[in-house]
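Below you'll find the structure, written out as structure tokens, and then a few comments.
Convention: sequence-line order gives letters A, B, ...; per-chain numbering from 1. As a basis for the values below, the full set of heavy atoms in this structure was taken, side chains included, without hydrogen atoms, waters or symmetry mates.
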Amino acid sequence: MEYDFRKIEQEWQEKWKANKTYKVSNDAAKPKYYVLDMFPYPSGAGLHVGHPLGYIASDIYSRYKRLKGFNVLHPMGYDSFGLPAEQYALETGQHPAVTTENNIATFRSQLDKIGFSYDWDRQVRTSDPNYYKWTQWIFLQIFDSWYNRITSKAARIDELLRIFETEGNINHISPGDKAFQFTADEWEDFDEKRQQEILMDYRLAFSSYGEVNWCEALGTVLANDEVVNGVSERGGYPVEKKKMRQWYLRITDYADRLLEGLDRIDFSDAMKEMQKNWIGKSQGAEMDFAVKDHDQPLRVYTTRPDTIFGVDFMVVAPEHELVSGITSFDQKAAIENYLTYVKSRSERERLAEVKQITGCFTGAYAINPFDGKEIPIWIAEYVLAGYGTGAIMAVPCGDQRDFLFAKHFNIPITNIIGDHFNGEAANATKEAILQNSGFLNGLLMKDAIGVAVNRIEELGIGKRKVNYRMRDAGFSRQRYWGEPFPIVWSDGIAIPLDAAELPLELPHVDKYGPGPNGEGPLANIGDWVNLDLTPNPSTKERGTLPYESEELNSTVTVAGEQGIEPGYFNSSSNEWRNTLSFAKENRKGQTEEESIIWQEIRNRKIDGFKFRRQHPIAGYIPDFVCLEKKLIIEIDGEYHNGEDQKRFDTARQNWLKENGFEMLRFTNEQVNGHLKEVIRDIAEKLNEKKPELKEATVSENEKRQPLAGSGSPLFWRGAGGEVKRETSTMPGYAGSSWYFLRYMDPGNSQTFCDRKASDYWGQVDIYIGGTEHAVGHLLYSRLWTKILFDLGYIGHDEPFKKLVNQGMIQGSSRFVYRVVIKNLMNEVYELKQHPILVSLTYYNNFKNGSLTFKNIQDLINKNSLKTQFGIDRLPNNYNIDIVPKHVNVNIVDGFELNINDFRKDIFNKEFKDAVFILEDGTVSFPEDNSAEINSKYICGSEVEKMSKSKYNTVNPDELVEKYGADTFRMYEMFLGPVEQSKPWDTKGIEGVHRFLRKLWRLFYDDMKGNVWTNDKATDAELKVLHRTIKKIDEDTERFSFNTAVSTFMICVNELADLKCHKKEILEPLLFLLSPYAPHISAELCSLIGTAVSPIGEDATNSVYPVFNPALLVESSKEYPVSINGKVRTNINIALDITQADVEQIILQNDVVQKWLEGKAPKRIIYVKNKMVNVVI
RNA sequence: GCCCAUGUGGCGGAAUUGGUAGACGCAGCAGACUCAAAAUCUGCCAUUCGCAAGGGUGUGAAGGUUCGAUUCCUUUCGUGGGCACCA
């Protein structure tokens, strides 16, 4: 029985699948461990050998932890929304859902072959409605939240409403418009729309007009991290700034917590550094400078207030609001010129060109508050409107840009740092002693910063200020293949859908092109966008509304029938407009009595209950309503006597009653004469009525209705006017910002993840993935986790405890070198029928000039190529060039090209009749491939990113087929440290395969059959085993899989040398090996009959071999003995020996004697268990 | 320009806390077995001087700390990555 890996691996994989060996339960009996891979985007190209690297590492670790007795969550899924599927749809018309499905099937079959221990029952896909239902739901929770800067925590909009109603916004300045303040009374007087606009400014997911990165070619906006050097990360298309309405996540509010959280998680320094950079926190001060002859001061932001006396000019951004006001008459024309110039330049031009110094003087002067110096104010594009205050104080002796600017425009430079400034370049030191600096003279700069800020604050002209480079995260895309926003727009107000209505599924579209006005494809589907608010038309006529006029001639039906959702209208949006405007009119046309009541009940004057006036409920507009208690108050007028009106009153009262509303009616006389009693009646009613709306709790979060801040659901449900769906979709990072939570409780239809499940699994213990997500995915996941934590849905605020970044496996590209003929205009005449390819040496010689144009001509002539292949039809004057061309690495053996395979290669059809000039100058013609050729065609090589277009991808399927999954897994690990990038080289895989076969032979010999025995192990064999146990355990724990593989090799080599075939030794070895090579381990375990299988089924016991240090104890050691630090000999010395004894033994040694040449040593250093060093 | 990695044989890499540099594997060379091939096994394999014994040099380069440095410090060069008018 030989090592038939194909059969073994297939059998075991089927067995594991049938037995659901890797099914994980949320059973809290065992300690948990969560090992997560970054889930892949299922691209059409399939896997290459670089993809599984991280998956194998995490699989080894999961299996290892499982053996050690942990309940290990190790799931896999797909990040299946995204641009490429949609681009593909645009080109081919294939629905993204279809291509995505196909791609996933390919991925899955490739993954399955490698023998992963995923619990596939927990699979998630971001594009699955059952998944994105909860992405939408979480979005709604974020929408329903604001950031309380006092408690540094997200809270519900409800709470903010209450604050506004009691104290206005004095304690919670709007993040949108910082200068905007209102009192509680003012808040009550704002109409609904205004209130909603204000609330929108506070929401953590908010919509606003802003400058966005618009990519015309992709037809969408992009987040900052999706734009690289002014072009789109995907596709490299130009990106411009554009003002559009967009959704954002208020990540800036979390800047500090995102920074602080980094201290509590185990990410690499590089990764933390990148996130810190992205957040870009800087400490400094904001201060006002008076502007000469103007009232408004100029506010600047600086991190170096200590340089205040070195300010020689001011620079404000061209877009700064003060520019037009302060520009002097003389400078007006120049400034306008400059502004025109700035506007004409795109973002890309600004980034692309060599830094130019441009700017223009405004003619205005700021006054230095400390010495009264007049400081000219300039504008220049190097100052950005969006950062700080959009204005800086320029200190040319300390800042290089300011220095260059001053030099360029001949602005005199004040030196405040003495010798530290040489007049040639600025010096940004903080170590200099200040000079020419008034009250700061003689202070060290870094000490002066605090002193200066204190003085600035004392004078009331500025204050300490922290600034962040990070901007709020754009959260909408004008694309199709993403989560639709669960939002409808009515009269400019964003109205969230109800949780019960989720998922809002992606509608089908016929074409994927952009919609009108920069909107996404969804905007093209009129039926979907324009909401039909007549889902349940009623036939029951209940009368006309009181305000209905003859001209409108329409009817509104209050839904009162069985089975009909309350609040829906079977009327057009026109009629809704009427309802709203009617309600508004009513507010204006309040009667005297209504005003009296309103003064008594507004602002929660009755026991804290909130009343609204003229607030529509279904088709009915009551005078006052307390939604919380469903209590309506009517002050009767005299219009209730008409026939229609009576029917209407009856119908609506029945409807209101059915829906839990109670009504109190008072007459005008009661209000005028018995106000106290009226109010008392209202208060009593309020207090006796049980609340209808439950407070939200975590487990009942879905029942939470209405969404706070949106007013009555009844109102918004039927909201009239133009009611349209949001047509943007969410960006790629939406679904990936919380998928690690869904794995914990993937099937839950009640909530995104039960709190019990998330409390059990908690943080991801090990997260493995590439560095490319440093600021995107990882930052957003951390943000969502923090928000969900603040809102009480989960119990931890950092998603990933430890992050391991796998390195990139690069491709080792191979090149052939093609001779091309060019005419003098450098136009290429390709030798189409018989292209000539020369071997590497020719190319190198050509590059370094030792092979000339003439040589190649000769070469061509000498081999009669000219006549044979029609090269004589060349232009009269021509040049020869040799150009490299990628060649499929799979047909190159090392560096030697397989010429016949090359001619047959489907990727290179044009070369099927190519002529090769080999290393020694021999020519290989297409016809004579039978002829014996001694020379070779040698390819050039280069290490590059592995990609299809470079023909350097290696498909894991083929390797698994040829060597087996176990060999493949171990070889990927053996390549080098997981974190390190390294080039792929298939050749070495043989060595690993040999190792597994050698292991197999410890159990089974082709000649002798079974060779394993039940004999008792010797000390030497136990020593080998326990050294291995120790090393494997340590290496696996610290993710050093490459050294672990080599340890296995050493162990098997040693056991083979010892001719050890003993079960006592081999069984523990198989357990150690099973995370790395699960199939062969399982097979051999069943061969020798182990008590439990190392693979999962019996993971209730901790079955991992335990290291016994006693077996490795030695009594003596071969000490390396060095003379003056150079090892000269080895001496065996007992371990429990004193320094004096060691010295004696050492000095008697021949080698040491020889080096001492009779002299006495200066010193003998003896480090127990390490070495001995003799100093002469 | 700034920040972060990283640099060891022909190649991938090892040396975990400053203690025998080059483990393990690939490639290569020599040999055994074989009609032959495959498979397997044995030996050699940083470089240099030497028949050998043995010695010199050697972890990008130059300095330093130390009895001892791939490891720590300073300077510098190369490579890879991130950020880039961020005041």
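Contact of K1126(A) with rU57(B) (side chain to base): no donor-acceptor pair of N or O atoms is detected under 3.5 Å. Taking 3.5 Å as the limit, the base of rC83(B) and the side chain of N277(A) contain no donor-acceptor pair of atoms between them.
Nucleotide rU70(B) forms no Watson-Crick or G-U wobble pair with any nucleotide shown, as no partner meets the under 3.5 Å limit on both distances. As the counterpart of rG12(B), rC24(B) is assigned, both hydrogen-bonding distances of the Watson-Crick or G-U wobble pattern falling under 3.5 Å. Across all strands shown, rU76(B) forms a Watson-Crick or G-U wobble pair, both distances under 3.5 Å, with rG60(B). Of all nucleotides present, only rG82(B) satisfies the Watson-Crick or G-U wobble test against rC2(B), with each distance under 3.5 Å. Figure legend. rU42(B) is base-paired to rA30(B); pairs are counted as Watson-Crick or G-U wobble with both atom distances under 3.5 Å.
Judged purely by distance below 3.5 Å, without hydrogens or angles, the side chains of S1046(A) and T1043(A) never pair a donor atom with an acceptor atom.
Residues Y61(A) and F1039(A) bring their aromatic ring centres within 6.0 Å. Annotation: F968(A) is not in aromatic contact with Y971(A) [ring centroid separation under 6.0 Å not met].
Taking atom P in both rA14(B) and rC72(B), the straight-line distance is 16 Å, to the nearest Å. For the C1' atom pair drawn from rC77(B) and rG60(B), the interatomic distance equals 7 Å after rounding to whole Å.
Taking 4.0 angstrom as the limit, N1053(A) places a side-chain polar atom (N or O) nearer than this to OP1 or OP2 of rG25(B). For rG68(B), neither phosphate oxygen OP1 nor OP2 lies less than 4.0 angstrom from any side-chain nitrogen or oxygen of R1128(A). Dashed line: the shortest gap from a side-chain N or O of Y387(A) to OP1 or OP2 of rA87(B) is under 4.0 Å.
Per the geometry, CD belonging to Q980(A) stands 15 Å off P belonging to rG80(B), to the nearest Å. Y382(A) has its OH atom 19 Å from the P atom of rA84(B), to the nearest Å.
Annotated as anti: rG82(B), whose O4'-C1'-N torsion sits more than 90° from 0.
Proximity of T1036(A) to F1041(A): side-chain heavy atoms (C-beta onward) are separated by under 4.5 Å at one or more points.
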